[in-house]
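Worksheet: one structure, shown below.
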Amino acid sequence: MIFSLLTLLLIVISFSFFYYYISKNWEKQAIENMEELTLKMSKQVDLIFRELNHTSFQIITTSDLNVIMQKAGESEENENYFALHTDAERMVMNFLSIYKSPGLNLSRISIYNIRGDYVSLGEIREDTDSIRSYLQSNSFKALYRHFTENDNINFIAPHNDPYYTDANQRMVSFYRVFRNEVETFGLIEFQQSVSKFEETLGVPHTAETEVYLFDKDGKPVYVRRTQSDPTNPNVTLTQLLGNEVLDKSTASNPEYMIKSDHILTYVRSPSNQWTVVLAEPKSDLLSSNILVGRLIVIVSISFIALSFVMNYMIAKQFTKNISRTVDMIRGVRLDKLTIPLDNTDDEMVQIHNAFNSIFERLKISMEMEVHARSREIKARLNTLESHVNPHFLYNVLTVIGSVGEQAGVDKVTELCEKLGSMFRYTLQNPDKEVTIRDEIKYAQLYLELMKVRYEEHLQYRIEIDEATLFYKVPRLIFQPLIENCFRHAFQTCNPPWEIHVSIKQTLDHCWVFEVKDWGDGFNPEVIAKLQLSNDPYVDSGGDNLSNNGETSLNIGGVGLFNTLMRMKLNYDRMVFYEITPNHPSGSIVRIGLKKDN
């Protein structure tokens with residue numbers, strides 16, 4: 001369950017982060033595209049003004065045209081001067097055709113004066129009556145006077161064509177005054193249909209994109225609003241963007257802002273100070289994000305559902321396999337330590353193999369334990385068989401000691417006390433571990449008795465490391481090694497006999513007990529058998545030694561082999577045992593306990 005929840009959380013976090021990353025990148029890309037389009041439109045506005053300024057300058061500086069326009073202005077005829085003087089009309093139209101720039105894609109170029117004299121060249125039909133009526137209207141005269149107040153290019157926003165009665169024909173117009181240094185001759189008008197004007201600017205065709213063109217005073221000169229937006233189309237630049245952003249934009253650095261539910265990009269031309277603004281609803285601009293978000297939600301739900309189904313199926317199958325394995329384990333008995341192999345699943349094969357390996361090792365361990373216990377019981381039986389009722393001997397020694405004391409023979413009393421102490425030590429809790437201090441004390445009693453027996457024929461020395469005296473050891477493991485010297489090393493060797501006994505601590509051993517003699521030494525066959533006895537579970541070594549009597553050499557009949565076996569039973573692989581020759585003669589027997597590294 002926890003794994004499923006973690007998987008669900010991981011999927012949700014991953015897809016959320018992916019959606020956030022994608023949406024931010026797409027939003028950034030969409031805004032950059034809008035900024036690029038805004039800058040392109042601003043550059044097109046600059047290009048139109050530069051072209052019209054250049055073309056109009058060439059026209060007004062043509063001397064022949066100045067002469068014609070001067071004559072037209074001085075004429076007292078009531079009719080259109082150019083209609084009455086066709087030569088002058090043809091000459092003006094020739095000049096206009098020369099200066100009509102194909103790059104501007106103009107619909108009409110016209111020249112007229114305050115009297116209503118006019119001549120035009122263009123692709124759009126003209127209605128003479130409509131033109132004459134418009135040029136003689138008060139609105140035209142007011143417009144004429146307004147445009148002749150400066151020499152700049154003036155722009156009129158989309159309006160109906162005044163030269164034709166078709167109300168569907170909408171135009172934009174650019175005006176410039178026609179004058180020389182002395183007097184004003186009239187106006188030059190460049191007309192362009194709204195569709196061609198939008199094409200020249202590169203106005204986007206998307207229905208929801210709003211386009212604004214503001215003059216240097218922040219007044220709208222061109223606005224394209226969406227049909228669904230009832231907002232006042234005469235909105236000013238300040239109302240649209242606010243005062244704080246008007247000074248931030250340059251031609252090379254368009255800006256953007258998010259206002260309400262729209263994203264606006266804007267740039268101000270450095271040449272004519274006109275500002276282009278594009279506005280688009282966030283919902284339309286980021287519609288791809290919404291689509292991707294929905295897709296991510298669908299994919300996330302699908303992944304979550306799929307993960308739950310897969311987790312359920314895996315858990316069900318795994319639980320089924322585990323249940324089958326548990327049933328097999330419950331059927332395991334001591335006489336049948338194995339699990340039937342199921343080849344239907346690789347993982348279960350591995351589990352079966354692992355359990356079978358454990359059972360095999362368990363079986364071996366049990367057999368080794370049973371064998372070891374059997375050998376230990378056999379050693380104890382051998383010990384019991386060799387005892388001659390130690391309680392009876394102890395009581396007899398006590399009686400002998402009392403008689404010796406009454407007779408005044410102190411030597412007899414001392415020997416009886418020492419021998420009695422040795423019997424008492426062997427009788428107390430034979431299965432309980434003792435300290436090395438007690439075991440060394442027992443070995444010293446044995447050497448003292450042997451010294452009394454052999455007198456000057458025996459010399460011995462004992463070296464004891466105090467750091468080893470507190471370790472626990474099995475009872476009666478040191479004395480058999482000392483007794484081995486008398487039973488083997490000194491049998492055919494002439495006295496005096498010398499024994500060195502030591503116990504010490506080394507870097508690798510907790511303690512090492514060493515018995516060194518200068519006797520005859522061990523028979524190589526005996527050494528080989530004793531080395532073989534390093535493995536207490538090897539039957540041949542122990543049995544042969546016991547059968548040949550090579551190790552039944554001490555009080556109680558424990559023997560050298562039984563000593564090593566008891567150590568092995570207690571400490572296993574931590575036991576250290578070594579028999580080496582002593583130079584120039586004799587043997588060195590060492591037994592100890594390794595440190596647990």
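Since we're looking at a predicted model, the values are computed, not measured.
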Q. Can you list the steps and then say if T580 with R590 is a side chain to side chain contact (heavy atoms under 4.5 Å, CB included)?
A. CA-CA 9 Å; T580 59; R590 297 186 183 92; 3.7 Å; yes

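- Here S502 pairs with E463, E514 under the side chain to side chain contact (heavy atoms under 4.5 Å, CB included) rule; sequence neighbours left out.
- Counting only heavy atoms from C-beta outward, the side chains of D517 and W497 never approach each other to under 4.5 Å.
- Counting only heavy atoms from C-beta outward, the side chains of K568 and Y577 never approach each other to under 4.5 Å.
- Considering only residues two or more places apart in sequence or on other chains, H457 meets the ring pair (Phe, Tyr, Trp, His ring centres under 6.0 Å) condition with none of them.
- Looking at residues two or more places apart in sequence or on another chain, you find a side-chain hydrogen bond (donor to acceptor under 3.5 Å, both in side chains) between Q29 and N33.
- Contact detail for G519 and C493: the closest heavy-atom pair is CA-SG, 4.3 Å.
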**Q.** Verdict with supporting geometry, V501 and F513, side chain to side chain contact (heavy atoms under 4.5 Å, CB included)
**A.** CA-CA 8 Å; V501 177; F513 181 76; 3.5 Å; yes

Q | Chi angles and distances behind the side chain to side chain contact (heavy atoms under 4.5 Å, CB included) call for E35, L39 | A | CA-CA 6 Å; E35 289 179 339; L39 182 60; over 6 Å; no

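- Rounded to the nearest 0.5 angstrom, C485 SG and L458 CG are separated by 9.5 Å.
- Checked against salt bridge (Lys or Arg N to Asp or Glu O under 4.0 Å), E36 has no partners two or more places apart in sequence or in another chain.
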Q: With side chain to side chain contact (heavy atoms under 4.5 Å, CB included) as the test, would you mind laying out the steps for Y442 and L476 before giving the verdict?
A: CA-CA 8 Å; Y442 178 80; L476 296 174; 3.1 Å; yes

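- The distance from the NZ atom of K441 to the CG atom of L445 is 7.0 Å, given to the nearest 0.5 Å.
- If you take CG on D596 and CZ on R573, they are separated by 15.0 Å, rounding to the nearest 0.5 Å.
- Remark: K594 engages H509, M574, F576 in a side chain to side chain contact (heavy atoms under 4.5 Å, CB included) (not counting sequence neighbours).
- Contact annotation: the side chain of I588 never approaches that of V515 to less than 4.5 Å [non-hydrogen atoms, C-beta and beyond].
- In this structure, E280 and T265 have side chains that are not in contact, with every pair of non-hydrogen atoms separated by 4.5 Å or more.
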Q) Between Y454 and F486, does a ring pair (Phe, Tyr, Trp, His ring centres under 6.0 Å) hold up when you go through it step by step? A) CA-CA 11 Å; Y454 294 109; F486 297 96; 5.8 Å; yes

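- Note: F478 and W511 have perpendicular aromatic rings, judged against thresholds of 30 and 60 degrees for the angle between ring planes.
- When the salt bridge (Lys or Arg N to Asp or Glu O under 4.0 Å) test is applied to E456, no partner is found at least two apart in sequence or on another chain.
- The side chain to side chain contact (heavy atoms under 4.5 Å, CB included) check on D465 picks up A467, T468, K504, Q505, with sequence neighbours excluded.
- Looking at E433 and K472, no side-chain N of the basic residue comes within less than 4.0 Å of a carboxylate O on the acidic one, giving no salt bridge.
- Atom CD1 in I503 sits 11.0 Å away from atom CD1 in I462 (nearest 0.5 Å).
- Residues that satisfy the side-chain hydrogen bond (donor to acceptor under 3.5 Å, both in side chains) test with R437, not counting sequence neighbours, are absent from this structure.
- Surrounding NZ of K451 are more than 12 heavy atoms belonging to other residues, nucleotides or ligands, all under 6.0 Å away.
- The minimum heavy-atom distance linking M567 with G592 is given by the pair CE-O, 4.1 Å.
- Contacts of L37 classified as side chain to side chain contact (heavy atoms under 4.5 Å, CB included), with partners at least two apart in sequence or in another chain: M41, P204, L278.
- Checked against side-chain hydrogen bond (donor to acceptor under 3.5 Å, both in side chains), N570 has no partners two or more places apart in sequence or in another chain.
- Note that the CZ atom of R268 and the CG atom of L241 stand 9.5 Å from one another [nearest 0.5 Å].
- By the side-chain hydrogen bond (donor to acceptor under 3.5 Å, both in side chains) test, D438 is found to be paired with T435, residues two or more places apart in sequence or in another chain being considered.
- Of all non-hydrogen atoms in N582 and S587, the two that sit nearest each other are CB-N, 3.6 Å.
- The backbone N or O of I499 sits nowhere less than 3.5 Å from a side-chain atom of Q459 that would complete a donor-acceptor pair.
- Put simply, the side chain of V277 does not reach to within 4.5 Å of the side chain of T38, judged on heavy atoms.
- In terms of the ring pair (Phe, Tyr, Trp, His ring centres under 6.0 Å) criterion, Y460 has no residue partners (sequence neighbours excluded).
- No more than 12 heavy-atom neighbours from other residues, nucleotides or ligands sit within 6.0 angstrom of OH on Y256.
- A 4.5 Å side-chain heavy-atom check between Q479 and N484 finds every atom pair outside the cut-off.
- Between W518 and P584 the shortest side-chain heavy-atom distance falls below 4.5 Å.
- Contact of the L469 side chain with the I464 side chain is registered, since non-hydrogen atoms from C-beta on lie closer than 4.5 Å.
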